[in-house]
K.L.:
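Pasting a structure below so you can have a look.
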Amino acid sequence: MKKIAVIGSGLMGRGIALVGLLNGFDVRLHDIKETALKQAQDYIASEMKKAVEKGIYQVDVDTCLEHLSCFTDLEDAAKETDLVIEAVLEKIELKIEIFKQLDAICPAHTILATNTSTMSPTEIAAQTSRPEKCIAMHFFNPPHKMKLVEVVKGLDTNNETVQFVKEIVAEMKKEMIEVNEFPGFVASRMNCLIGNEAMNMMMEGVASAEDIDKAMKLGLNHPMGPLELADLVGLDTRLRNMEYLHETLGEKYRPCPLLSKYVKAGRFGKKSGKGFYNYN
Ligand code: NAD
């Protein structure tokens, strides 16, 4: 049984852990916050039961859950693993620091992957002694429902690492695309721009949030509107994505001032109860 560690147990980390458990991996979940780990455990158990009840997965829930262990200590989580997937906040300095620590903790064969939505796997790997074993695996939200993983090679990532990750993605029953490193990869670069335009339109008073989303769903056949999707992603995370794309790709990606205002007000979207929509 392959052992994976997931670092960060927020929206994405808990979902990636769930995908691993449903597909026969031993999962070691880490977060610096006990409360986040507890919430993640509850979420994983409840979503796993739902997936089995709906017949999406034929697994024994109790057996799968026995393969989940939770840690606030990074070393306990990451030692003796074959693959580590980092899913902490979208902050480059934090990701670099975690990769440095993982490099010191993990066995030589361990592959280090980041779930960043936009950032450079080359830069995240650069201060490790194993850049050839570092890569980005970009899952989508929620990971157990979304089919795609973008696999992004850094400058020094070797073919064995790409091959290993492709096999893991297949074992997780996901589809993958291989992307050459560039800020925002494929999906985030496009999606952030659409979302930002929707926010600008709302700020300019062009239409209500409901009508902007309705236009994209009924007029263009998007399964979700860009504003409800931004609320699901988390407006704090989306703002960090936009700031990084603005910094690296230029003016076209300047974050909408309304997005910055909402984040300053603590409106982080669905996870905080309020964003472009109200969830209470
Ligand atoms: P989140 O805010 O929901 O969760 C982040 C978690 O990281 C929190 O539980 C926090 O306690 C934990 N954390 C913070 N510092 C840590 C540290 N030093 N060590 C361990 N854990 C730490 O964020 P998220 O939405 O899950 O995003 C995580 C990553 O996934 C980001 O890089 C984001 O860009 C990417 N991503 C997000 C989405 C999305 O829709 N939200 C989709 C794809 C990728």
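As the structure lists them, so they are numbered: ligands from 1, and atoms in each ligand from 1. Just so you know, these numbers come straight off a predicted model, no measurement behind them. Sequence positions, counted from 1, serve as the residue numbers for this chain. Excluded from the calculations below are hydrogen atoms, water molecules and symmetry mates; all remaining heavy atoms, backbone and side chain alike, are included.
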K.L.:
Which part of Lys271 is near ligand 1, with near meaning a heavy atom under 4.0 Å away: side chain, backbone, both or neither?
P.N.:
side chain
K.L.:
Could you tell me the residue and atom name of the protein heavy atom closest to atom 29 (C) of ligand 1, and the distance to it rounded to 0.1 Å?
P.N.:
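The closest one turns out to be Val88 O, 3.2 Å.
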K.L.:
Which residue supplies the protein heavy atom nearest to atom 15 (N) of ligand 1, what is that atom called, and how far is it?
P.N.:
Ile32 CD1, 3.5 Å
K.L.:
Under 3.5 Å between any N/O of Leu11 and any N/O of ligand 1: does that happen in this structure?
P.N.:
yes
K.L.:
If you draw a 6.0 Å radius around CE in Met190, do more than 12 non-hydrogen atoms from other residues or ligands fall strictly inside?
P.N.:
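No, not enclosed.
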K.L.:
Which of the numbered atoms in ligand 1 are below 4.0 angstrom from a heavy atom of His138?
P.N.:
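Taking each heavy atom of His138 in turn, ligand 1 has 43 (C), 44 (C) under 4.0 Å.
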K.L.:
Look at atom 42 (C) of ligand 1 and say which protein heavy atom is nearest, naming residue and atom and giving the distance to 0.1 Å.
P.N.:
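Heavy-atom neighbour on the protein nearest atom 42 (C) of ligand 1: Met12 SD, 3.5 Å.
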K.L.:
Applying a heavy-atom cut-off of 4.0 Å, say which part of Phe139 lies close to ligand 1: side chain, backbone, both or neither.
P.N.:
backbone
K.L.:
Take atom NZ in Lys33; do more than 12 heavy atoms of anything else shown fall under 6.0 Å from it?
P.N.:
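Incorrect, the count does not exceed 12.
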K.L.:
Which atoms of ligand 1 sit under 4.0 Å from any heavy atom of Thr116?
P.N.:
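In order of numbering, the contacting atoms are 32 (O).
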K.L.:
Check ligand 1 against Leu89 and write out every atom of the ligand that is under 4.0 Å from a heavy-atom position of the residue.
P.N.:
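Checking each atom against Leu89, I get 2 (O), 5 (C).
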K.L.:
Return the closest protein heavy atom for atom 32 (O) of ligand 1 as residue, atom name and distance.
P.N.:
Glu90 OE1, 2.5 Å
K.L.:
In terms of atom number and element, which parts of ligand 1 are under 4.0 angstrom from non-hydrogen atoms of Lys95?
P.N.:
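Going through ligand 1 atom by atom, the ones under 4.0 Å from Lys95 are 31 (C), 32 (O).
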K.L.:
Should Thr161 and Glu132 be marked as a side-chain hydrogen bond (donor to acceptor under 3.5 Å, both in side chains) after you check the CA-CA gap, both sets of side-chain angles, and the distance that decides it?
P.N.:
CA-CA 7 Å; Thr161 301; Glu132 73 288 354; over 6 Å; no
K.L.:
Short list, please: which atoms of ligand 1 are under 4.0 Å from a heavy atom of Ala36?
P.N.:
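Atoms satisfying the 4.0 Å criterion: 9 (O).
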K.L.:
Starting from atom 4 (O) of ligand 1, find the nearest protein heavy-atom neighbour and note its residue, name and distance.
P.N.:
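That would be Gly10 CA, 3.3 Å.
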K.L.:
When you look for heavy atoms under 4.0 Å from ligand 1, do you find them on the side chain of Met119, its backbone, both, or neither?
P.N.:
neither
K.L.:
Tell me, please: is Gly234 in heavy-atom contact with ligand 1, that is, under 4.0 Å?
P.N.:
no
K.L.:
Could you name the option among Leu94, Thr237, Asp31 that has the heavy atom nearest to atom 18 (N) of ligand 1?
P.N.:
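It is Leu94 that holds the nearest heavy atom.
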K.L.:
Below 30° counts as parallel, above 60° as perpendicular, anything between as tilted: where do the rings of Tyr279 and Tyr277 land?
P.N.:
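The rings of Tyr279 and Tyr277 stand perpendicular, inter-plane angle above 60°.
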K.L.:
With a heavy-atom distance limit of 4.0 Å, tell me whether Ile98 approaches ligand 1 through its side chain, its backbone, both, or neither.
P.N.:
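For Ile98, the contact with ligand 1 is made by the side chain alone.
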K.L.:
Can a side-chain donor-acceptor contact be found between Thr237 and Glu90 if the only test is distance below 3.5 angstrom?
P.N.:
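Result is no, nothing qualifies.
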K.L.:
Taking atom CG as the centre, does Asn221 end up with more than 12 heavy-atom neighbours from other residues, nucleotides or ligands that are less than 6.0 angstrom away?
P.N.:
no
K.L.:
Which atoms of ligand 1 sit under 4.0 Å from any heavy atom of His30?
P.N.:
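Answer for ligand 1: 19 (N), 20 (C).
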K.L.:
Note the single closest protein heavy atom to atom 33 (C) of ligand 1, along with its residue, its atom name and the distance in Å.
P.N.:
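Its nearest protein heavy-atom neighbour is Ser117 OG, 3.5 Å.
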K.L.:
If the plane angle is over 60° it's perpendicular, under 30° parallel, otherwise tilted; pick one for Tyr262 and Phe276.
P.N.:
tilted
K.L.:
Does Glu97 approach ligand 1 within less than 4.0 angstrom via side chain, backbone, both or neither, non-hydrogen atoms only?
P.N.:
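Within the 4.0 Å criterion, Glu97 makes no contact with ligand 1.
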K.L.:
Do we see a donor-acceptor contact under 3.5 Å between the side chains of Ser9 and Asp31?
P.N.:
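Asp31 and Ser9 do have a side-chain donor-acceptor pair below 3.5 Å.
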K.L.:
Just wondering, are more than 12 heavy atoms of other shown residues or ligands nearer than 6.0 Å to CG in Asn180?
P.N.:
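Not more than 12 within 6.0 Å, no.
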K.L.:
Measuring from Asp156:CG to Arg130:CZ, what's the distance to the nearest 0.5 Å?
P.N.:
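Taking CG in Asp156 and CZ in Arg130, the distance rounds to 14.5 Å.
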K.L.:
Could you state the interatomic distance from CZ (Phe164) to NE2 (His109), rounded to the nearest 0.5 Å?
P.N.:
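Going from CZ on Phe164 over to NE2 on His109, the span is 7.0 Å.
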K.L.:
Under 3.5 Å, N or O to N or O, is Asn115 touching ligand 1 that way?
P.N.:
yes
K.L.:
Near Glu175 CD, under 6.0 Å, is it more than 12 heavy atoms from other residues, nucleotides or ligands?
P.N.:
no
K.L.:
Determine whether Ile168 and Met137 make a side-chain contact, defined as any pair of heavy atoms from C-beta on separated by less than 4.5 Å.
P.N.:
yes
K.L.:
Could you tell me the residue and atom name of the protein heavy atom closest to atom 41 (N) of ligand 1, and the distance to it rounded to 0.1 Å?
P.N.:
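Minimum-distance protein heavy atom for atom 41 (N) of ligand 1 reads Val233 O, 2.9 Å.
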